[in-house]
Amino acid sequence: LRESGSTYAGYRELLYDAHLWSCIQSRKSGTLSAQYEVIGNRSQFITEFFNSFDIHRLAEDILDSILFGFQPIEIYWENKGEYTLPYKAISKPQELFYIDIEGKLRYTPNGQAKGLKLPEMKFLDVRNKPSHSSPYGIALLSKCYWPIKFKNGGIRFWVNFMERYGMPLLIGKYSRGASRAESERLAEELAGMTEDSVIVAPNDIEISMEEPPRYSSVRLYSEMIKLSNSEVSKAILSQTLTTEVGNGSKAAAETHYKIRSEIIKSDMRLVESAINTLIGYIIKLNFGLADDTHFKYITEEENLDTKLERDLKIQRFGNITFSGEYWIKQYGYSREDVVK
């Protein structure tokens, strides 16, 4: 893929695989289904902004960096009264960017060698576990490439196998005195039987139907596809509870839950970091100086009473008032329950 220059296009083709897509959706859902909160001096301002901004779509695009290694996201700004705020954020193809020797993201339209320096506060540069040796981050789809290629090849050969050996064989026998034209006509009529199931022949022509023998190679195709799916599950979910543990067990389920929880926490930290960068841009543009306002996901381990106590303290000592929308979103109230 690297030699052909089609790395990221090749990765996108993998997303047509149903098993891979299911694993990706399962992993993303752990973060996207979680509630969040905004904490700090400008929390009410940022919360009101998020109410009119597609924060869910932004989080989903940020999580794509886990699949591709890095994901540039362009921010589109507009003036709303006295404030300058984003009105949309769109993920861009990785092929249009490269990382220079200083580790900075650059835009390369039309394959320009040096690339263009990105304007300040115009892009979110999201990378998955970058390092000095891997500045583009770790792309999980790279670990799925060969398993899916082998799987697709196995399915193709399996379909060919079924076409050849899955249908009954029609055998037509004619007398030695038959002409070549008669034998060819018999062959054509037998071929037509696969659709019409009707043939008319003289008395001296014998036609029989035989079932093909069962081949153990069928199991080989099935096992290869199962193994490929298992490898994809390991790469994306870091577990294969549904594919490798037949009936499951309490210990396996607990291990699966622990691994999934750790992965979700890691994904949450990635999304939090990127969104907090965006919050920093907003506050800097509108108020001049950054402050402690930040975005945070609420994990299952957090106690509701502890959270409520904290919010009440912030409201009391910070001299701020949370909106009705905040209480609805954070504590599951309905709009009828909240009276302003």
Which residues end up grouped with Ile90 if you chain together Ile, Leu, Val, Met, Phe, Trp and Tyr wherever their side-chain heavy atoms are less than 4.5 Å apart? Tyr76, Tyr87
Does one hydrophobic cluster hold both Leu227 and Tyr145, with members joined at side-chain heavy-atom distances below 4.5 Å? no
Transitively linked via ILVMFWY side-chain contacts under 4.5 Å: Leu118 with Leu116? yes
Stepwise salt bridge (Lys or Arg N to Asp or Glu O under 4.0 Å) test for Glu231 and Lys234: CA-CA 5 Å; Glu231 294 300 298; Lys234 290 176 184 176; 3.3 Å; yes
Sidechain N-carboxylate O distance under 4.0 Å for Glu223, Lys226: no
Taking the basic N atoms (NZ, or NE/NH1/NH2) and the acidic carboxylate oxygens, is any pair closer than 4.0 Å for Lys122 and Glu74? yes
What residues form a ring pair (Phe, Tyr, Trp, His ring centres under 6.0 Å) with [X], not counting sequence neighbours?
| X | result |
| --- | --- |
| Tyr281 | none |
| Trp146 | Phe150 |
| Phe97 | Tyr107, Phe123 |

Least distance between heavy atoms, Leu105 atom then Pro72 atom: CD2-CB, 3.9 Å
Minimum heavy-atom separation for Leu14 to Cys144, with atom names? CD1-C, 4.3 Å
A side-chain contact here means heavy atoms from C-beta on lying under 4.5 Å apart; do [X] and [Y] qualify?
| X | Y | answer |
| --- | --- | --- |
| Leu85 | Asn286 | yes |
| Phe53 | Pro86 | yes |
| Leu32 | His56 | yes |
| Tyr36 | Ile275 | no |
| Ile148 | Tyr16 | no |
| Lys129 | Ser266 | yes |

Is it true that a side-chain atom of Ser228 and a backbone atom of Met224 form a donor plus acceptor pair closer than 3.5 Å? yes
Keeping Thr84 on the side-chain end and Asn79 on the backbone end, is there a donor-acceptor pair under 3.5 Å? no
Set of residues satisfying side chain to side chain contact (heavy atoms under 4.5 Å, CB included) with respect to [X], sequence neighbours excluded:
| X | answer |
| --- | --- |
| Gln44 | Glu48 |
| Ser29 | Arg260 |
| Asp100 | Tyr98, Glu102, Lys104, Arg106 |
| Thr31 | Leu63, Ile264, Asp267, Met268, Val271, Tyr297 |

side-chain contact (heavy atoms from CB on, under 4.5 Å), that's the test. Do Tyr8 and Leu96 meet it? Break it down for me. CA-CA 11 Å; Tyr8 297 104; Leu96 299 178; over 6 Å; no
Which value, rounded to the nearest 0.5 Å, describes the distance between [X] atom [atom1] and [Y] atom [atom2]?
| X | Y | atom1 | atom2 | answer |
| --- | --- | --- | --- | --- |
| Met121 | Ile282 | CE | CD1 | 11.0 Å |
| Asn152 | Ile225 | CG | CD1 | 9.0 Å |
| Phe49 | Ile55 | CZ | CD1 | 7.0 Å |
| Leu58 | Ile73 | CG | CD1 | 5.5 Å |
| Leu124 | Ile75 | CG | CD1 | 4.0 Å |
| Lys88 | Asp54 | NZ | CG | 12.5 Å |

According to the salt bridge (charged side-chain N to carboxylate O under 4.0 Å, His left out) rule, which pairs have a member within [range], sequence neighbours left out?
| range | value |
| --- | --- |
| residues 138-157 | Asp17-Lys151 |
| residues 64-73 | Lys28-Asp64 |
| residues 285-294 | Arg42-Asp291 |

List the atom pairs, donor and acceptor, that lie under 3.5 Å between side-chain atoms in residues 133-140 and the rest of the protein, sequence neighbours left out.
unit_1 : atom_1 : unit_2 : atom_2 : d
Ser133 : OG     : Ser131 : OG     : 3.3
Tyr136 : OH     : Ile99  : N      : 2.9

Which residue is it: Val232, Leu67, Asn229? I am looking for the one with a side-chain contact (heavy atoms from CB on, under 4.5 Å) to Leu20. Val232
Before giving the answer on ring-ring contact (aromatic ring centres under 6.0 Å, His included), spell out for Phe287 and Phe45 the whole-Å C-alpha distance, their side-chain angles and the decisive distance to 0.1 Å. CA-CA 11 Å; Phe287 303 103; Phe45 176 81; 5.2 Å; yes
So with a 6.0 Å cut-off around NZ of Lys92, is the heavy-atom count from everything else above 12? yes
Around atom NZ of Lys80, are there more than 12 heavy atoms from other residues, nucleotides or ligands closer than 6.0 Å? yes
Pair His19, Ser233 - check side-chain contact (heavy atoms from CB on, under 4.5 Å), show working. CA-CA 8 Å; His19 182 78; Ser233 297; 2.8 Å; yes
Looking at Phe157 versus Tyr221, is the centre-to-centre ring distance below 6.0 Å? no
For the pair Thr277 and Asp125, evaluate side-chain contact (heavy atoms from CB on, under 4.5 Å) and give the outcome as yes or no after the intermediate values. CA-CA 10 Å; Thr277 299; Asp125 178 11; over 6 Å; no
